[in-house]
Number of protein chains: 2
Amino acid sequence: MGHIEQTPTETTTADLSAGLRAVLDGRWAATRDRVRDHIQAKALVPQAGLSLEDYRARILDQMRDIAAMGIPAEGFRKSEGGTGDPGSAVTSIETLGYGDLSLMVKSGVQWGLFGGAIENLGTQRHHDEYVRGLIDLDVLGCFAMTETGHGSNVQALETTATYLPESQEFEIDSPAPSARKDYIGGAAQHARYATVFAQLLTAAPGEERRSYGVHCFVVPIRDAAGADLPGVTTSDCGYKGGLPGVDNGRILFDKVRVPREALLDRYASVATDGAYSSPIESDNRRFFTMLGTLIRGRVTVGAAGGAAGRLALALAVRYALFRRQFDGPDGGEELLLLDYRAHQRRLLPLVARSFAFAIAQNEVTAELHELQTRDPADVDPDEIRRLETKGAAIKVGHTDLAARAINEARTACGGAGYLDENRLALLRGDIDVFTTFEGDNTVLTQLVAKNLLTEYAHDAAGMNAAGWVRFVAKQARDVTLEKTAARQVVQTLLDDSGEKPEDSDLTHAGTQLRLLRNREDHLKRTCAARLRRAQDDDVDALEVFTATQDHMLTLGRAHIERLVLESMVETIAALDEGPVRDTLETVRDLYVYSLLEQDLGWFLMHRHVSVERAKAIRRGVNELCGRLRPIAGDLVDAFGVPEVALDVPMLSS
Amino acid sequence: MGHIEQTPTETTTADLSAGLRAVLDGRWAATRDRVRDHIQAKALVPQAGLSLEDYRARILDQMRDIAAMGIPAEGFRKSEGGTGDPGSAVTSIETLGYGDLSLMVKSGVQWGLFGGAIENLGTQRHHDEYVRGLIDLDVLGCFAMTETGHGSNVQALETTATYLPESQEFEIDSPAPSARKDYIGGAAQHARYATVFAQLLTAAPGEERRSYGVHCFVVPIRDAAGADLPGVTTSDCGYKGGLPGVDNGRILFDKVRVPREALLDRYASVATDGAYSSPIESDNRRFFTMLGTLIRGRVTVGAAGGAAGRLALALAVRYALFRRQFDGPDGGEELLLLDYRAHQRRLLPLVARSFAFAIAQNEVTAELHELQTRDPADVDPDEIRRLETKGAAIKVGHTDLAARAINEARTACGGAGYLDENRLALLRGDIDVFTTFEGDNTVLTQLVAKNLLTEYAHDAAGMNAAGWVRFVAKQARDVTLEKTAARQVVQTLLDDSGEKPEDSDLTHAGTQLRLLRNREDHLKRTCAARLRRAQDDDVDALEVFTATQDHMLTLGRAHIERLVLESMVETIAALDEGPVRDTLETVRDLYVYSLLEQDLGWFLMHRHVSVERAKAIRRGVNELCGRLRPIAGDLVDAFGVPEVALDVPMLSS
């Protein structure tokens with residue numbers, strides 16, 4: 001057909017796909033391949049119609065294989081009984097996103113959250129006692145943070161851990177129905193231990209008992225036969241929108257006693273006499289330092305969500321290259337779905353975005369690896385705080401993208417997409433909660449914006465809205481973006497492009513960077529200006545916060561998109577010239593054009609883009625879709641989804 | 001708190017809610033109440049964790065109650081054994097959207113699709129044979145149109161019905177795997193009959209056999225014991241993304257013989273000797289005339305989807321008025337979720353849109369009722385075609401809205417929203433396919449645009465893309481919108497507002513109408529201009545179609561939004577002055593402002609809105625959310641969702 005370019009020869013496209021895949025696979029390519037092979041060999045794909053009981057047992061079984069492969073051991077330092085390769089551990093769990101998300105989530109809970117709490121908040125004693133066992137699944141645990149009444153605002157958790165000097169024990173208690181631990185993966189059935197987050201109450205000798213804020217305790221909840229221990233009442237959250245293999249449940253504590261050593265005491269300890277001590281003075285700062293060490297869960301969820309999104313797009317693109325409908329040339333065969341511009345527009349910008357986010361995600365994983373393999377003494381708290389913000393940003397962007405991609409893929413496959421046998425509907429149910437757990441995406445976007453506006457000030461964490469607004473209002477510093485980009489490559493490109501994006505070529509990476517940087521800078525300055533209205537004492541700071549919230553969320557989203565572009569630009573710059581690099585540049589262009597198109601109202605309204613350029617952007621999205629159409633199959637092949645995950649009836653009948 | 005207006009007194013809000021509800025309930029308010037009472041009395045709410053078998057049996061049982069209430073009888077004319085109130089029948093099924101969508105869909109299949117095919121495509125003989133039985137569920141049927149290879153392009157169905165004059169029978173056959181009937185509700189288990197759409201092949205004496213296009217046949221598929229009849233092979237689609245109570249399945253026919261009378265022969269008949277005759281000459285036009293009579297299914301799906309969306313918003317708004325998190329004034333209680341501007345922005349524009357669509361949907365139902373209760377001889381085919389377009393438009397808009405509202409409601413309720421016990425996750429699974437069945441929303445949006453561009457020309461239906469483009473290109477007529485609005489109220493408001501929307505008050509309904517009309521007019525003219533490029537013979541018409549497709553879809557969406565606004569404006573104009581009318585005007589403003597905000601890029605790019613006005617629009621959305629915040633509970637109470645459907649754990653703990 002005349003209007004569609006010919007696909008290059010087969011050899012070329014196989015090479016192209018392999019070259020792109022090498023870029024996406026990145027540093028832990030061997031890890032990915034090992035997990036891919038495992039998914040393929042064991043056919044780790046989601047099942048429809050199993051009972052909850054059977055599904056849960058199946059997933060627990062599958063976890064034993066994962067443990068035998070040595071994957072969880074990589075997540076722990078050698079000194080703790082691990083093998084010390086956290087980047088590989090995260091990448092392994094990410095790759096399970098190509099298999100069954102129930103397995104990914106339950107693995108993440110056991111090794112990432114429960115194990116991570118013990119590793120990062122505990123000390124040698126806890127490592128010796130639990131790490132080997134939890135790696136090997138002899139010790140099954142859950143991460144009991146969220147409560148019915150508090151999920152996002154974890155500083156306000158209601159569970160208490162009261163120190164009793166007479167017996168040198170803590171008493172764990174749920175003082176109200178809203179203090180019930182809720183949605184806890186593993187709590188319904190399998191977990192025998194819980195890392196419980198609770199308000200630590202104690203009194204130094206001669207002083208009044210008071211709360212020192214939320215701390216974490218290892219609490220046994222079940223006996224070897226699986227029965228609740230005395231004082232513990234677990235219950236089952238039952239059926240959910242997805243993730244049937246994860247046994248989410250609830251825990252109520254009725255004055256449960258645990259020894260003093262149950263406190264994970266890396267950041268705080270209680271002496272036998274009840275005296276509290278911590279290297280970090282401020283309760284607030286200490287709490288957020290503790291939370292900060294748990295960043296790996298958030299990074300992993302973003303990564304695995306992204307993988308699930310890529311899997312869905314691979315299914316939908318393959319279906320669009322298989323199924324024909326309507327409108328062939330007169331008398332000819334019907335057109336392939338992907339020959340329709342509207343269908344290209346539904347899928348290809350999401351494919352482009354998936355490339356961009358996968359690349360940015362790899363960078364975050366590598367940064368996490370660096371930080372967690374260095375001597376903790378050499379880690380600057382500011383570095384942690386920046387990585388926390390970046391991890392939150394990528395988690396939001398990547399899980400939002402995944403949810404959108406899976407929804408779009410489902411509808412793009414019509415009725416076939418709705419049948420569980422074709423997996424998209426199952427993926428849709430599983431991915432749904434990724435935008436909620438490990439930090440609600442709205443709350444995290446706001447967190448990102450807050451950190452940008454306070455330049456990562458530690459003191460600002462944990463302030464309530466009014467307090468935070470007053471803090472920002474009193475800041476004297478300039479809140480514009482750094483004039484010099486942190487990345488040399490980005491700075492060079494910015495220098496090479498004209499100051500005025502309007503006069504520069506829109507396919508030039510420098511122009512693209514400048515547009516996204518200028519938007520973020522503008523949003524940051526104007527947002528700060530609005531918040532500064534709270535300088536006057538007669539202004540209601542909470543009202544200012546509420547009025548500015550939408551602005552803050554827009555800033556957070558703009559930051560995420562810029563971050564991802566910079567990461568992609570840097571990755572492309574490191575490649576040799578050739579078809580892989582050319583293709584990634586086209587993919588990057590589509591990523592940027594589709595972002596600009598989506599936010600065209602803003603760019604026009606603030607005169608960052610002219611009407612003429614706006615029209616060129618809309619045309620550009622169409623043209624870029626047309627250019628990527630002939631290699632669409634190669635693009636999704638580059639995701640390296642195991643064939644077993646793509647072996648669904650709709651692709652063969 | 002200072003920044004939120006006080007809620008009016010209790011009496012006032014109860015009155016307000018009742019008044020709004022009367023507007024939404026409209027003409028068939030008594031029908032709605034009867035179905036609400038039934039949902040409440042029988043606790044017709046979705047269940048988690050039932051096996052497919054149990055769920056299907058449960059829904060079939062529930063259908064017997066619906067039949068006993070006389071609801072399906074209303075869908076059929078008195079002359080056919082019904083009671084002749086189609087508007088009430090549609091409204092009843094719509095209201096089941098507040099209960100269990102499995103019941104709604106299975107009812108729609110049995111009475112609307114299967115029954116509708118027999119009623120509208122059959123003649124007296126078929127009515128006498130089947131109507132009473134299918135109303136009473138003695139005759140269980142399914143609607144076998146979609147095939148594995150063809151869902152949207154039903155003209156290209158592959159199943160054949162070959163007339164054999166020697167035995168005066170039709171032979172129904174699936175000549176290829178892609179001819180398999182697929183996703184058919186009822187085919188997996190319960191249906192004993194199928195209305196099968198197939199290419200009718202016959203030969204007049206002395207002529208060659210040829211196809212006369214797709215026709216519909218009543219074919220028995222199972223015996224009384226539920227076993228497949230000879231030549232029929234049914235199978236089960238198994239688990240799906242939702243709707244577990246609907247037994248979707250597949251049917252393959254291997255040369256199954258049915259008597260000549262199995263052809264539903266209102267629009268065509270085959271004489272004993274094989275001679276084909278029809279009052280409609282053109283195969284194309286005949287086929288689309290037949291399809292047109294089946295419009296009720298599409299109207300019902302839009303209506304019931306809308307109800308499900310309102311139910312989800314009622315759950316999410318109630319949760320947002322119950323759950324507190326973060327950020328109270330210093331030292332005070334935490335804020336309610338709905339006190340956050342960001343949370344208001346997530347839910348309230350969707351609530352406003354739900355009001356607008358519910359009102360427009362009622363209008364379509366009433367128009368359908370008028371058309372289907374008139375003597376068929378008095379119905380102008382143009383009227384049918386316009387109602388088809390409007391029905392398609394509202395189906396697209398309402399089901400898209402419902403899917404979005406349910407997704408947003410789910411995430412707005414966090415972890416609680418993900419548990420099946422709180423119903424949003426179940427609704428999310430059920431609603432997903434509403435954007436696909438009864439016409440894929442993308443395909444339908446395109447159909448709407450095509451009908452606008454060809455001014456509903458009958459000849460254009462069923463043309464392939466290239467043929468259609470050439471047809472449009474050769475049209476001489478002007479394609480601008482009618483200068484005079486069809487509704488007097490709308491015309492008066494347009495006359496009262498200035499010609500230039502930019503100079504008029506944006507809360508004036510006339511200005512709002514003009515903005516949406518101008519956008520549609522602009523899109524229509526420019527789209528037609530692009531299509532006219534295919535006038536030259538050396539231009540590839542298919543390429544022009546593909547290049548213009550995105551433009552057409554934008555036009556379709558713009559038309560839907562204008563249509564809904566006009567309906568809402570007319571409804572409001574008929575109300576007495578007072579709080580109900582004032583509230584609906586604010587709701588209408590939020591509907592319009594949020595539409596404008598969403599498409600701000602377009603309005604700015606085409607200079608239909610100035611930069612200053614664009615900023616006012618963004619501010620306006622925030623202000624309108626703030627104004628509706630104090631009555632948000634009343635707004636969702638006005639939906640009249642039965643309390644049993646809102647009785648979920650997250651609203652009480």
Side-chain angles (χ1 to χ4, degrees), chain A residues 2-3 48-49 146 148 150-153 156 177 182-183 237-241 325-330 334 339-342 345 410-411 414-415 418-421 425 428-429 432-433 435-437 440 442 464-467 540 542-543 546-547 549-550 553 600-601 604-605 611 614-615 622 653, chain B residues 2-3 48-49 146 148 150-153 156 177 182-183 237-241 325-330 334 339-342 345 410-411 414-415 418-421 425 428-429 432-433 435-437 440 442 464-467 540 542-543 546-547 549-550 553 600-601 604-605 611 614-615 622 653:
Chain A
H3 67 295
T146 298
T148 307
H150 290 91
S152 293
N153 186 10
D182 210 344
Y183 323 112
C237 289
Y239 287 87
K240 307 184 295 290
Q325 200 79 173
F326 277 125
D327 293 332
D330 295 331
E334 289 175 289
D339 286 335
Y340 291 98
R341 179 56 41 84
R345 267 189 161 267
R410 200 305 285 160
T411 53
Y418 196 55
L419 302 190
D420 281 4
E421 65 180 28
R428 182 175 180 272
D432 185 23
V433 80
T435 58
T436 297
F437 65 19
D440 175 88
T442 303
N464 74 6
D540 181 339
L542 183 53
E543 196 169 338
T546 302
Q549 196 184 15
D550 187 47
L553 293 172
L600 217 43
L604 283 163
M605 195 158 57
V611 165
K615 289 178 180 168
N622 284 337
S653 70
Chain B
H3 68 292
T146 297
T148 306
H150 291 91
S152 293
N153 186 8
D182 210 344
Y183 322 111
C237 289
Y239 287 88
K240 307 185 297 289
Q325 200 80 170
F326 276 126
D327 294 332
D330 295 331
E334 288 174 290
D339 287 335
Y340 290 98
R341 179 55 42 80
R345 267 188 161 267
R410 201 305 283 158
T411 53
Y418 196 55
L419 302 190
D420 281 4
E421 65 179 28
R428 183 174 178 273
D432 185 22
V433 81
T435 58
T436 295
F437 64 20
D440 175 89
T442 303
N464 73 6
D540 181 340
L542 184 53
E543 196 169 337
T546 303
Q549 197 183 15
D550 187 47
L553 293 173
L600 216 42
L604 283 163
M605 195 159 57
V611 165
K615 289 179 180 168
N622 283 336
S653 69

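Chain letters run A, B, ... following the sequence lines, proteins first and then strands; every chain starts at 1. Hydrogens, waters and symmetry mates are skipped; everything else that's a heavy atom, side chains included, is used.
No part of B:Phe437 comes within reach of chain A, as not one of its non-hydrogen atoms sits under 4.5 angstrom from that chain. Contacts of A:Leu553 with chain B are made by side-chain atoms alone, with heavy-atom separations under 4.5 Å and no backbone atom involved. Heavy atoms closer than 4.5 Å to chain A are found in both the backbone and the side chain of B:Asp432. Using a 4.5 Å cut-off between heavy atoms, B:Thr148 touches chain A through backbone and side chain atoms alike. Heavy-atom distances place the side chain of A:Arg345, and not its backbone, under 4.5 Å from chain B. Interface remark: B:Ala156 contributes side-chain atoms only to the contact with chain A (heavy atom separation under 4.5 Å).
Between A:Lys240 and A:Val433, the closest side-chain pair of non-hydrogen atoms is not below 4.5 Å. Taking the side chain as every heavy atom from C-beta outward, A:Tyr183 and B:Tyr418 never approach each other to under 4.5 Å. Between A:Arg428 and A:Thr411, every side-chain heavy-atom pair lies at or beyond the 4.5 Å cut-off.
In plain terms, the two heavy atoms of A:Asp182 and A:Cys237 that are nearest each other are OD1-SG, 3.7 Å. Smallest separation of non-hydrogen atoms from A:Tyr340 and A:Phe326: OH-O, 3.0 Å.
For the set A:Ser152, A:Gly429, A:Pro177, the count of heavy-atom pairs under 4.5 angstrom toward chain B peaks at A:Ser152. Between chain A and the residues B:Gly49, B:Ala425, B:Ala342, B:Ala614, the most heavy-atom pairs under 4.5 angstrom are made by B:Gly49. Put simply, of A:Ala547, A:Gly415, A:Ala48, the one with the most heavy-atom pairs under 4.5 Å next to chain B is A:Gly415. With chain B as the partner, the residue from A:Leu600, A:Asp550, A:Thr442 showing the most heavy-atom pairs under 4.5 Å is A:Asp550. Ranked by heavy-atom pairs under 4.5 Å with chain A, the first of B:Leu419, B:Asp440, B:Thr435 is B:Leu419.
To the nearest 0.5 Å, atoms CD (B:Glu334) and CG (B:Asp339) are separated by 12.0 Å.
With sequence neighbours excluded, no residue satisfies side chain to side chain donor-acceptor pair (under 3.5 Å) with A:Gln325. Residues forming a salt bridge (charged side-chain N to carboxylate O under 4.0 Å, His left out) with B:Asp420 (at least two apart in sequence, or on another chain): none.
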